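A short write-up of the structure that comes next.
The shown structure was predicted, so the numbers you read here are calculated from the model rather than taken from an experiment. Computed over heavy atoms, backbone and side chain alike; hydrogens, waters and symmetry mates excluded.
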Amino acid sequence: YLSGRSFEVENTGTTDLMFALSTDPAVLNGTPVAVSAGNSFIRKSLSLNTSESAEHLLFQNTDANVSGNYKIWVIE
């Protein structure tokens, strides 16, 4: 966990996704961010989760009938 690390996320698919930097490998926690189809964002670790135990990058597809697609860049 680095509080100043940034994540650039691009949703390249056709369905909305949720993204989180989580302390749990199976559950979105912290401050999840909605990423609409075709959109992107950049967030720092600190704005996604303040816990130093947050080391899991998680995506959740909001539509089980459509495959989600994304790209992610980690910026130190």
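Between Phe59 and Val9 there is a side-chain heavy-atom pair separated by less than 4.5 Å. Residues Asp16 and Asp63 have side chains not in contact (no heavy-atom distance under 4.5 Å, counting atoms from C-beta outward). Between Tyr1 and Leu46, some side-chain heavy-atom pair lies under the 4.5 Å cut-off. Between Tyr70 and Leu17, some side-chain heavy-atom pair lies under the 4.5 Å cut-off. Side-chain atoms of Val33 and Met18, non-hydrogen and from C-beta on, never get closer than 4.5 Å to each other. Within the 4.5 Å cutoff, side-chain heavy atoms of Phe7 are placed close to those of Leu21.
Although no hydrogens or angles enter the test, the distance criterion places a donor-acceptor pair under 3.5 Å between the side chain of Asp24 and the main chain of Val27.
Atom CG of Asn39 is separated from atom CD of Glu10 by 9.5 Å, given to the nearest 0.5 angstrom. Atom OG1 of Thr12 and atom NZ of Lys71 lie 6.5 Å apart (nearest 0.5 Å). Rounding to the nearest 0.5 angstrom, the gap separating the CZ atom in Arg43 from the CZ atom in Phe19 is 10.0 Å. Within the model, atoms CG of Leu2 and NZ of Lys44 stand 10.5 Å from one another, a figure rounded to the nearest 0.5 Å. The CG atom of Asn11 sits 8.0 Å away from atom CG of Asn69, with the distance rounded to the nearest 0.5 Å.
Closest non-hydrogen pair, Thr15 versus Ser67, comes out as CG2-O, 4.0 Å.
Residues meeting the side-chain hydrogen bond (donor to acceptor under 3.5 Å, both in side chains) test with Asn29, sequence neighbours left out: Ser22, Thr23, Asn49. Under the rule for a side-chain hydrogen bond (donor to acceptor under 3.5 Å, both in side chains), the partners of Arg5 that lie at least two apart in sequence or sit in another chain are Glu76.
Remark: Glu52 CD is loosely packed, at most 12 non-hydrogen atoms of other residues, nucleotides or ligands lying under 6.0 Å away.
Under a hydrophobic-cluster definition in which Ile, Leu, Val, Met, Phe, Trp and Tyr are linked whenever side-chain heavy atoms come within less than 4.5 Å, directly or via other members, Ile72 and Val35 are assigned to the same cluster.
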